[in-house]
Protein chains: 2
Amino acid sequence: MSVTIHQVAAEAGVSPSTVSNVLNGRSDRMLPQTRERVEDAIARLGYRPNGPARQLRTGRSQVLGLVVPSVANPFWGTFARHLEAAALQAGYRVLLCNSERDPARERDYLEELWADGIRGVVLCSSLPSLEHVLPLVERGLTLVAFDRTAQAGDPPSLVNISVDNAVGAELATRHVLQLGHRRLAFVTGSLRSVNRRARYRGFEAALEEYGLGADDAIVWSGGTPDHYGDRFGDLDFPELGRAAARDLLADDRPPTAIVAINDMCALGITAGARDAGVQVGTDLSVVGFDDIVLADLATPPLTTIRQPLPAMADAAFAHLRVGVEQGGGSPNGGSLLLRPELVVRGSTGPVRRP
Amino acid sequence: MSVTIHQVAAEAGVSPSTVSNVLNGRSDRMLPQTRERVEDAIARLGYRPNGPARQLRTGRSQVLGLVVPSVANPFWGTFARHLEAAALQAGYRVLLCNSERDPARERDYLEELWADGIRGVVLCSSLPSLEHVLPLVERGLTLVAFDRTAQAGDPPSLVNISVDNAVGAELATRHVLQLGHRRLAFVTGSLRSVNRRARYRGFEAALEEYGLGADDAIVWSGGTPDHYGDRFGDLDFPELGRAAARDLLADDRPPTAIVAINDMCALGITAGARDAGVQVGTDLSVVGFDDIVLADLATPPLTTIRQPLPAMADAAFAHLRVGVEQGGGSPNGGSLLLRPELVVRGSTGPVRRP
DNA sequence: TTGAAAGCGCTAACAA
DNA sequence: TTGTTAGCGCTTTCAA
């Protein structure tokens, strides 16, 4: 079927081990001419080493796993794209899995990845507990948790990479407060996830700075307990935002500014406001979170908090690589929190006094 | 490190071959009690067969490849999501690769996938020629080309799955013609790809039906020869649309309706029109193609042509499965063209007479 | 109904 | 500097 190392060896007139040595960069242990003969034979035959055989023998794999809620969400798609780019440069590939935020699927996927010899995985789960995944980490899986910070029960080797969600939400909230808004709303799915809770804390912190309390802010939180507010592919966020806008704008004291848990949700809020005849940017300010591609394209363009995805992907890959190449999780886990950035666009504006 | 078939055999007091027989559904060849003992042992030890070993032995793999231009584009992300869902149901997984529409990367990826034992791949390339990939198909790779129709030089076993792009573009164009528009534009990246050309033909066909000719339509085509109009991750479409809107609206006889090559491009056109102070839906009608998630969320919501992605993903998987399980490409290639559907929303409206 | 044995393609001691 | 050899974990004849 395919050409093997033996055929290459025969073609070059050497033994398979010599070919293997060339393949694995140990060509210092042979005459330059031998090396050349082997390389010629490889090229002539179009030989590529058989991955599974290699992996069976070495236990190593050049594939990393990435588990995201759903690539149908452009935020995760973009992250996947960046992680793949980082991995590719170092000769790794990325196997992508959609968990739909279902802990059982997360666990199943990780176990399959492990069984397939994959020893490094980025898990984009913001569940507070990772115990459903602990056994594999104990067996030696290098795990990077993305979009989450360290929690008390975490395995010691776990590396968490995330934007500083509290700071981000605080930046967003301060921005609308500075524009004079004093009646705010915070729209989110279920607050069970680590990052959403952090964002909520940032929202509260900004309110406090301005001497505002619970009376001045509405927290609109949708979502079912099972899937943390999402049914299919993270794509309920727009629906969630739309529903929130409907409710909030019908309130006795409607908010003049809304801080959304993410951009998809913010776009939903914008659509909901449009349905209600409310103009975003003037009648109502909306701030998102993430800065997905479409934030800049929306009408009006969305003010949001940018996550430095390329840097985050690079960091995730770097950790993974070290972990898998050492065989087993790095001993020192912890959290890496990158700084988010406020991007002001047209969806926010000064409060209107009646 | 991990538990092996030998340990399971020891635990159950049988030989490895018996365990293997259980694993592979040949439990009719043993006493029910034996089978039970084995299953107990498997459960007790938490055994999972080693993928690479299995694959090395059988040559089969439970992984399929998916090569898309970029998952950062929500259209491809959504397709990936659907393909994964179809595959998962049948016990397959999907390895995702971003080609950036670069033929060299497409070929490299396919070769790596082949070397990794993957025998079925969905290639989302709309290049007219697939010769860079032909050798692998000849070696037995089952290939489904997505978003492309059969071409003269194609390998006989190649299956193409696509929406009927000509019909789709015709539906889109007719829609604005019916609204009274007589000055149209067609905005696209380079017309080198099969599907874009088909869409363009549909546009022309609709014009002809209405007795219009080249004078009444502007074709705005951006993009470089190398990457077919895209630099990074298919994400230049919005930029392309924006630039097109700028140009077209500055024309002596600006179009009153624009047919865009896809939704991302249409959203860019909308943004560009907004920049120029032109209101989409009233002053200018814009039609997209694809019906990505965000089409419905845009302001105004985008009139577009919907691609039946779930059905397309199911079809792609079904072909792949048959192909790989037979070992080697299916003998009868051809094209499967699914019917697209016009979805009318707010971005199109009747032409305004001055 | 069950088990023994060979070998998939590769790597890495170890020997020559 | 190069080759011989054993074996990674599994499946699959073939024999018992």
Side-chain angles (χ1 to χ4, degrees), chain A residues 1-39 41-42 45-63 112 114-119 139-140 325 327, chain B residues 1-39 41-42 45-62 112 114-119 139-140 327:
Chain A
M1 189 85 144
S2 269
V3 33
T4 75
I5 203 172
H6 285 92
Q7 300 175 36
V8 176
E11 174 85 11
V14 298
S15 79
S17 16
T18 300
V19 179
S20 172
N21 282 331
V22 172
L23 249 37
N24 294 286
R26 281 184 291 264
S27 34
D28 46 323
R29 309 197 196 156
M30 70 193 71
L31 295 173
Q33 9 173 350
T34 312
R35 176 204 170 132
E36 217 168 285
R37 283 220 313 284
V38 172
E39 283 173 344
I42 289 176
L45 268 48
Y47 168 71
R48 288 209 163 221
N50 176 306
R54 232 172 173 176
Q55 193 173 327
L56 176 58
R57 179 61 231 239
T58 63
R60 285 188 295 271
S61 163
Q62 290 289 89
V63 179
E112 279 175 21
W114 176 266
D116 275 359
I118 290 168
R119 294 294 173 262
R139 285 215 237 172
E325 289 181 2
Chain B
M1 191 86 144
S2 268
V3 32
T4 76
I5 203 173
H6 284 92
Q7 301 175 35
V8 176
E11 174 85 10
V14 298
S15 79
S17 10
T18 300
V19 179
S20 172
N21 281 332
V22 173
L23 249 38
N24 294 287
R26 281 183 292 264
S27 34
D28 46 321
R29 309 196 197 157
M30 70 193 72
L31 295 173
Q33 10 174 346
T34 311
R35 175 204 171 132
E36 217 169 284
R37 283 220 313 283
V38 172
E39 283 173 343
I42 288 176
L45 269 49
Y47 169 70
R48 288 206 163 225
N50 176 305
R54 229 173 177 176
Q55 194 174 324
L56 176 58
R57 178 61 232 239
T58 63
R60 283 188 295 269
S61 163
Q62 290 289 91
E112 278 175 22
W114 176 265
D116 275 359
I118 291 169
R119 294 295 173 262
R139 284 215 237 171

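Just so we're on the same page: letters track the sequence lines, and every chain starts at 1.
- A/N21 comes within 4.0 angstrom of no nucleic acid atom, judged by non-hydrogen atoms across all strands.
- The side-chain heavy atoms of A/W114 and A/R139, taken from C-beta on, include a pair separated by under 4.5 Å.
- Taking atom CZ on B/R29 and atom P on D/dA15, their separation rounds to 15 Å, with Å as the unit.
- Minimum atom distance to the side chain of A/M30 is reached by D/dT1, of the listed D/dT11, C/dT11, D/dT1.
- Results of the side chain to side chain contact (heavy atoms under 4.5 Å, CB included) test with B/I42 over B/V8, B/I5, B/V3 single out B/V8 as the only residue that passes.
- Between the CG atom of A/N50 and the C1' atom of C/dC10 there is a distance of 8 Å, rounded to whole Å.
- Across all strands shown, B/T4 has heavy atoms under 4.0 Å from sugar-phosphate atoms exclusively, and none from any base.
- Environment of CZ in B/R60: sparse, with no more than 12 heavy atoms of neighbouring residues, nucleotides or ligands closer than 6.0 Å.
- Note on A/L31: only backbone sugar-phosphate atoms sit closer than 4.0 angstrom, heavy atoms only; bases stay farther off.
- Within the nucleic acid shown, A/P52 has no heavy atom closer than 4.0 Å to any nucleic acid atom.
- B/E36 has its CD atom 16 Å from the P atom of C/dT1, to the nearest Å.
- B/R26 comes within 4.0 angstrom of sugar-phosphate atoms only, judged by non-hydrogen atoms across all strands, and of no base.
- Nucleotide C/dC10 holds its P atom 15 Å from the CD atom of A/Q62, rounded to whole Å.
- Comparing A/P16 and B/A53 by the nucleotide of DNA chain C that holds the closest heavy atom to each, the one mapping nearer the 5' end is B/A53.
- Look at CZ on A/R37: it is 8 Å from P on D/dT2, rounded to the nearest Å.
- One atom, CD1 of A/I5, and another, C1' of C/dA12, lie 12 Å apart when rounded to the nearest Å.
- The side chain of A/L56 approaches D/dG9 more closely than any other nucleotide in the set D/dT2, C/dT2, D/dG9.
- Put simply, CD on A/Q55 and CG on A/D116 are 7.5 Å apart, with the number rounded to the nearest 0.5 Å.
- Considering every non-hydrogen atom in both B/L23 and B/R54, the closest pair reads O-NH2, 4.1 Å.
- As judged by a 4.0 angstrom heavy-atom cut-off over every strand, B/R54 is placed among residues touching the sugar-phosphate backbone only.
- In this structure, A/R60 places its CZ atom 9 Å from C1' of C/dT11, rounding to the nearest Å.
- Under 4.0 angstrom from either OP1 or OP2 of D/dC10 there lies no side-chain N or O belonging to B/T58.
- Between the CZ atom of A/R57 and the P atom of C/dG7 there is a distance of 18 Å, given to the nearest Å.
- Mapped onto DNA chain D by nearest heavy atom, A/S15 and B/S17 fall at different nucleotides, with A/S15 at the one closer to the 5' end.
- For B/T18, taking side-chain heavy atoms from C-beta onward, the closest of the listed nucleotides D/dG9, D/dT12, C/dG3 is C/dG3.
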